[in-house]
Every structure is written in C-alpha cells, then in structure tokens.
Amino acid sequence: MAYLVKQSHRAPAVTSPVPVDESLPRACVIGAGSSGIAAAKQLHMAGIGFDCFEMGSDIGGTWVLDNSNGQSACYDTLEINTSCPRMAFSDFPMPADYPPYARHDQVHAYFEQYVDHFGFRDAITFDTTVEDVSRSADGRWDVRMTGPHGTETRTYDAVLVANGHHWDPRWPEPAYPGTFDGEQMHSHDYRSGEQLDGRDVVVVGAGNSAMDIAVESSFRARTTTWSVRRSEWVLRKFLLGKPSDQVALPGWMPWWVTAARLRIGATYAGSMTKYGLPAPTHKPGQSHPVQSDQIRERLAAGAVTARPGIERLDGDRVVFVDGTTAPADLIVWATGYRVTFPFLAPGLVSAEDNELPLWKRTVHPDLPGLYFIGLVQAIGAVMPIAEAQSAWVADTLAGRYVPPADDVVRRQMAAEHRRDKKQFYASPRHTMEVDFDHYLWDLDRERRAGRARAETRSAAADPAAPVPAPRSRGVRPTIARVLLGAARWRTVGDVPQRGVLVGAPHTSNWDWVLTILLAWTYGITIRLLVKKELFVGPLGWLLRRTGAVELDRRNPGGTIKELLAESEGDAPWLIGLAAEGTRSRGTHWKSGFYRIAQQTGLPITLAFIDAPSRTVGWGPTFRPTGDVQADMDLVRGFYADKTGIKPENFTPPRLREEGPA
C-alpha cells in the first residue's frame, strides 16, 4: 500500500541505553537535520557506534526558524507540503492534534520529540563543523572537525552525509543584463513579511517558496509581481476535503499511474493561464509538483500580477520578455539551490549542475563507506526516504545486508539515472527527483534481497547452520498468497534458491502469472527473458513490472550472459527461459535451456502448472547429467507424485530433449 503512518505505528520509547557492538564498524553522521537524525536513530537502534556532528545548536535543520547554524531557509509562514501521515517517520507518527499540513514550529517540535523518544540526543555533538572528509591510508575515512574544544581528526569506517541540499542558494547564471537600483535577496534569506512591507516586490521563480512569498507579499507590499519563466502545474493541497497527497497508490505501480494521478490533480486544481501565466510546456508528473491554495485567490483579486520571465533590469523597474515592466525596489530570487559538499574535495565528489548519480540515491560505487542520506528531491517527503536509506545502511554496517556484484550495482545505477532523467524535464531541479512511494518500495525490495544474500552467505560459511527459509514478508508475498488462495490453487515442491526456470515464461498465455505469484510467495526474484513484441498492452506492463528482460534476437547469448552476471552471488534468483524461446534461431542461437544449464553450471528448475488438479509449483531442481532420458524420468516421477496424474510416456510441458548442437 501507499506510505501512510498511523498513530498505532508508534514504537515504544527507548528508556534504557542501547548497547554498542564494538565489533561493528564505527560511523560518522554529518548534520542533525531531518535526514541526520533519521540516520542517527537507525545506527543507534542497531547498536552501531557513531558520532553525529551538527554545525549549530539546534535539531531540525531547515525546519528551524533562524537556526543557529545559519543555513536554514525557514520563514515564518512555512508549512509542509506533504501531509503529516505521509511525512512522518514510519514508527513515530506526528501528534494526532497536528493539522493536516503542520507548521514549521510543529515540525521542529516533532523532531525534538523523535530524538528524545528514541534516546540518542547524547550522540549528537553540537556547534561542531565538519571541515574535511578524506580517505585514510587504510581505506577508511578521516573526518576533521572544529568545535568548542578546537580542531581534531577522527577515523571512521563509514560516513553518512546528511548536510541537506537546501542551504547553498543558486542565483541566476548568467546574471540578467542591466542594472538595478533596489535590493536583491535570495528566498533563502527571506524570514517574514516585515521584509516586504510597503515595497514594490518582484518574486522570481515557480516553486513552493516563490508562491508562499508572493502570497505574503500581496498582503504586505505596495505591489507584488510574480515572474515565472517556465510555468508549473499548481496543485491544491486538498482534494474533496482530504489532503490530496493521501490519494496515493502502492509503490509497485508503474510511473504512468502516478503521472495520471498528478494529471487528475492538476485538472481538478484548474488552469493558471486565466491569471496571466503561460501554459506549462510539460505534462503533470514531468516536474516536481508545487502546491498552493492561496496563490489563485491572490491572483484573481489582483493582489499579485503574473508576468513571464525577465528580459533585463532597468534601474527601478524590471522588464519582462513580453515587453511589460513592473516597478521594483526588491527582487526576491526563488531560484533554487546548488548541491555542494564543502567538506568533500571536488576531485572526490562533485555535483556539477546538481547531478550526482548514486545507486538508489545513496551509494557511490567508487567510494565504499561513504553514503548520502536524504539527497533526493521527492514527489513526497524526504524524511521517510532518509529513514529507509539509513536503515539500509545500518543493515549493511551490521552485516545483515550484502549488495549484489559491483557490475550489477553500476548497471542498475546507470539505468535508474537514465529512467529518472527521462521521467522529468531537464533542469538542475530534477537531477535528484524520485517517485516517493516507488522509491520506498524498490529500496525495501533491495534490502530484502540483500538480507537473503547475507543469510545464505552466513549459512555457506557455517555448514552446520540451518539454511534459512526464504523471506516471505512484504507487499508482493502478501498479494501472491491472497491471489493464489482466492484462486484456490495449491502450491507444491521445493523452493529453489537459484537456477534456470523452465516453462513459466511461456507468454502465449497467462499460465506463467501463477508461477510469478509462487515466486513472490517465497521472496524469490525471477528475471523473465521474453520477446520484444510482448511488451505491449496490459501484458507488457505486467512483464515490465515483474522484471522481464527483452530478448536480443541478434545476440540472445549476450542477453543470457548479462542475466547470469546479475545472478552471481547467493541470493534467491531465477532466470526464466521459455523452451520455445531458447531453441535454435539461425546462426545466432544454438542452445536450448538444457545446454544453457550444462554450459553455465546453473541447475534446472521446472515450474509446472496443472489445471485439472489446480496445482502450481516447482519441479525438482537438478543439474543436467547429460543423460536427457534419465533427467526426463526424474521430472516425470516428480510430476506424477505431486499431481497424482500418471499418464504413460508423459512429457512435462516445454521440457524437451535436445538434438545435437
């Protein structure tokens, strides 16, 4: 289901010290804003030793008005744009008496309560600036910091970067031509309407802060002009009396469903063109959503005048690209932020044009032990994402999670980065954009897969240890069990850990769906190898959502090799091959599934569906002996035993004897 924190989700308060396991790696957390405290809490509860350094004397980062660290962009009318149940940490709901969209002071109080509830305030060192993070000679991380007691350097096994990305203002580059006689300020330095009183104000930008400042200016300033170079779809915070973001769908749904939901919200909110703004050049869902319930009212009342982008500055006026002008003695540039890390050398990490590809927006594959927490621009709240990232890192440091092979990580990172860039229009604003619910679902899926890899590795290291049962918690296993139960199909057979799956990906009908559900029940990943023409319509959508891979008919062997590379390791993993799709295809394909198993060393697992007995299951998992007839007899016996059907000379579906190559 979509992320929604209820009061019943509150975890018990931590009232006694959590022992630190000194055998585990030691970590450093940079920052005590919303992402930093999420990281600190997860490390604390996992018994991982850590230090958290905060520049100022406050918890809460940008949500603290006039934060002593000097980096907060908070202003007096700021409130959240994500409703409380969708912004709260998963095990600590916001107070029940909070409004649907909490004020900044309420959010700050919530963070203070969070730290005390879980008892890790003593791990935060305040008024301390991290000045440099660099690799030590042994591959760990040297952290130099300056605080009340001077400057010192400590070495850590891991560093969690949680310094935020809304603190380094980005001004127009290049600057607009002309001269301006008045005052210019970035929205980062805006604090209250007193700065706008009696002035001719031009607010530049189309984001949430720009609209908030324009609305406040309309009540305080002499004139208010809102300059928008590129229009956005402005959504309303409420839909039919409920917070609009709570009309959400499960994270495993495809992106186009989320985009459709945003389009419905934009249609319901109404067009902004009647207020003088140009129509957006992109569709809803192709940019970071912005919300305001007041901007339309102030535009309609004539208290805010909408204008297009700026052409030049002209003394006490601003000239716009449509030739109109507006008086101005104050320009507020709500033009976003640069992503920078002042404690990391540019040669080590840099985000040119705000672009820094990371695996799952957290891991830099070239810098083991360095993690980025909350470095996302989410269609939703950052806090639950930072919490999920931190829990993932804690699992890694505690040895409960093992990542896939390095080449798999890099391949996934590149693919995810391309996908995200394609979903949103090109701008520095969207280089870190993620779909909130899908990201949480995807990261949870990876955590579970990594935990299975860790458990299998542990069992392999200790032959006397029992082999752990496959994990079966989460959304997918639950859906699978419900659907199989509703269809009254029974499941049989031993659960395979890895191998070549034969039979299920026969996509001329829907029988393989049952096998997919069976795999989900046991938390096993299946990669289906299917034909390009099947990636259309509802079947194509389902194929893509279940990890299907397009068969390269010009080089099918290359496709198989890529899948095999991803299957390296000990995680439960199956490569799905339809026997019809793996037989000879001219000069390009000379091997059926049987030979694939022989050549790769992977075992064969037969997935079978028997409609008369309403049975779906795994056949035996075995390594080809080279004696095809003997292997066929093994499969026949298994099938007959499990289904009760014993036809003479029975050949299981799509398991065929191969002739000479």
Side-chain angles (χ1 to χ4, degrees), residues 20-33 35-44 46-57 59 61 69-71 120-165 167-168 338-352 356-375 386 389-390 392-399 401 403 406 409 413:
V20 173
D21 187 342
E22 299 296 345
S23 68
L24 297 178
R26 188 165 184 83
C28 169
V29 178
I30 302 176
S35 296
I37 61 175
K41 183 260 188 177
Q42 294 296 330
L43 297 176
H44 173 69
I48 297 170
F50 72 97
D51 297 314
C52 177
F53 299 110
E54 165 58 41
M55 286 180 62
S57 55
I59 286 170
N69 65 16
Q71 296 189 329
F120 59 90
R121 186 178 293 271
D122 291 345
I124 303 174
T125 304
F126 294 98
D127 301 311
T128 300
T129 301
V130 173
E131 297 177 337
D132 183 73
V133 175
S134 57
R135 297 298 296 269
S136 62
D138 60 1
R140 295 189 293 167
W141 294 94
D142 290 333
V143 178
R144 187 180 77 240
M145 77 289 296
T146 298
H149 304 294
T151 300
E152 65 173 308
T153 299
R154 300 180 189 176
T155 301
Y156 296 92
D157 300 287
V159 174
L160 284 67
V161 178
N163 67 317
H165 57 278
W167 62 270
D168 189 357
R338 297 187 304 140
V339 176
T340 54
F341 311 99
F343 42 80
L344 292 171
L348 188 69
V349 175
S350 63
E352 186 175 353
L356 178 61
L358 298 168
W359 185 46
K360 309 298 182 188
R361 296 300 319 149
T362 309
V363 174
H364 195 307
D366 293 329
L367 301 171
L370 187 66
Y371 303 97
F372 294 85
I373 308 299
L375 190 60
Q389 291 173 328
S390 302
W392 180 34
V393 173
D395 279 351
T396 303
L397 298 180
Y401 169 88
D406 180 71
V409 168
M413 182 180 75

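Just the heavy atoms: all of them, side chains too, but no hydrogens, waters or symmetry mates, feed the values below.
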*Passes side-chain contact (heavy atoms from CB on, under 4.5 Å), Tyr156 versus Asp51? Steps please.*
CA-CA 9 Å; Tyr156 296 92; Asp51 297 314; 2.5 Å; yes

*Look up atom CG in Leu356 and atom OG1 in Thr340, then write down how far apart they are to the nearest 0.5 Å.*
11.5 Å

*Return yes if some donor-acceptor pair links the side-chain N/O of Thr362 with the main-chain N/O of Leu358 below 3.5 Å, else return no.*
no

*Work out which heavy atom in Ser35 is nearest to a heavy atom in Ala386; give both atom names and the distance.*
OG-CB, 3.6 Å

*At what distance, to the nearest 0.5 angstrom, does CD1 of Ile48 lie from OG of Ser23?*
10.0 Å

*Do any N or O atoms from the side chain of Asp157 and from the backbone of Arg26 form a donor-acceptor pair under 3.5 angstrom?*
yes

_For Glu352, is the CD atom crowded, meaning more than 12 foreign heavy atoms sit under 6.0 Å from it?_
no

*Without swapping roles, check the side chain of Gln71 against the backbone of Gly61 for a donor-acceptor pair under 3.5 Å.*
no

*Show your working on side-chain contact (heavy atoms from CB on, under 4.5 Å) between Phe341 and Leu375 and close with a plain yes or no.*
CA-CA 11 Å; Phe341 311 99; Leu375 190 60; 3.8 Å; yes

*asked:* What's the separation between atom CG in Asp127 and atom OG in Ser57, rounded to the nearest 0.5 Å?
replied: 5.0 Å

*Min side-chain heavy-atom separation Leu43-Phe120 under 4.5 Å*: no

*Would you mind reporting whether Leu367 and Trp141 have side-chain heavy atoms less than 4.5 Å apart?*
yes

*Given side chains that start at C-beta, do those of Ile59 and Glu54 come closer than 4.5 Å, heavy atoms only?*
no

*asked:* Rounded to the nearest 0.5 Å, what separates atom CG in Leu160 from atom OH in Tyr371?
replied: 7.5 Å

*Taking all non-hydrogen atoms of both residues, which atom of Ala40 and which atom of Phe50 are closest, and how far apart?*
O-CZ, 3.4 Å

*Can you check whether Ala394's main-chain N or O pairs, donor with acceptor, with Gln42's side chain at less than 3.5 Å?*
no

*Closest non-hydrogen atom pair, Leu397 against Leu24*: O-CD2, 3.9 Å

*Between Pro342 and Asn163, what is the shortest heavy-atom contact and its length?*
CD-ND2, 4.3 Å

_Audit row: Glu152, Met145, side-chain contact (heavy atoms from CB on, under 4.5 Å) steps and yes/no_ = CA-CA 6 Å; Glu152 65 173 308; Met145 77 289 296; 3.4 Å; yes

*What are the two closest non-hydrogen atoms of Arg361 and Gln389, and how far apart are they?*
O-NE2, 3.3 Å

_Apply side-chain contact (heavy atoms from CB on, under 4.5 Å) to residues Val363 and Thr396 and explain how you reach the verdict._
CA-CA 11 Å; Val363 174; Thr396 303; over 6 Å; no

*asked:* Is any side-chain heavy atom of Arg154 closer than 4.5 Å to one of Phe53?
replied: yes

_Student check: side-chain heavy atoms of Val161 and Leu370 closer than 4.5 Å_ = yes

*Mind checking the NE2-CZ spacing from His44 to Arg121? Nearest 0.5 Å is all I need.*
12.5 Å

*What residues, two or more places apart in sequence or in another chain, satisfy salt bridge (charged side-chain N to carboxylate O under 4.0 Å, His left out) together with Asp366?*
Arg410

*Taking side chain to side chain contact (heavy atoms under 4.5 Å, CB included) as the test, write out the residues that go with Pro346, two or more places apart.*
none

*Taking all atoms of both residues into account, what is the closest heavy-atom pair of Arg135 and Asp142, and its distance?*
O-OD2, 4.4 Å

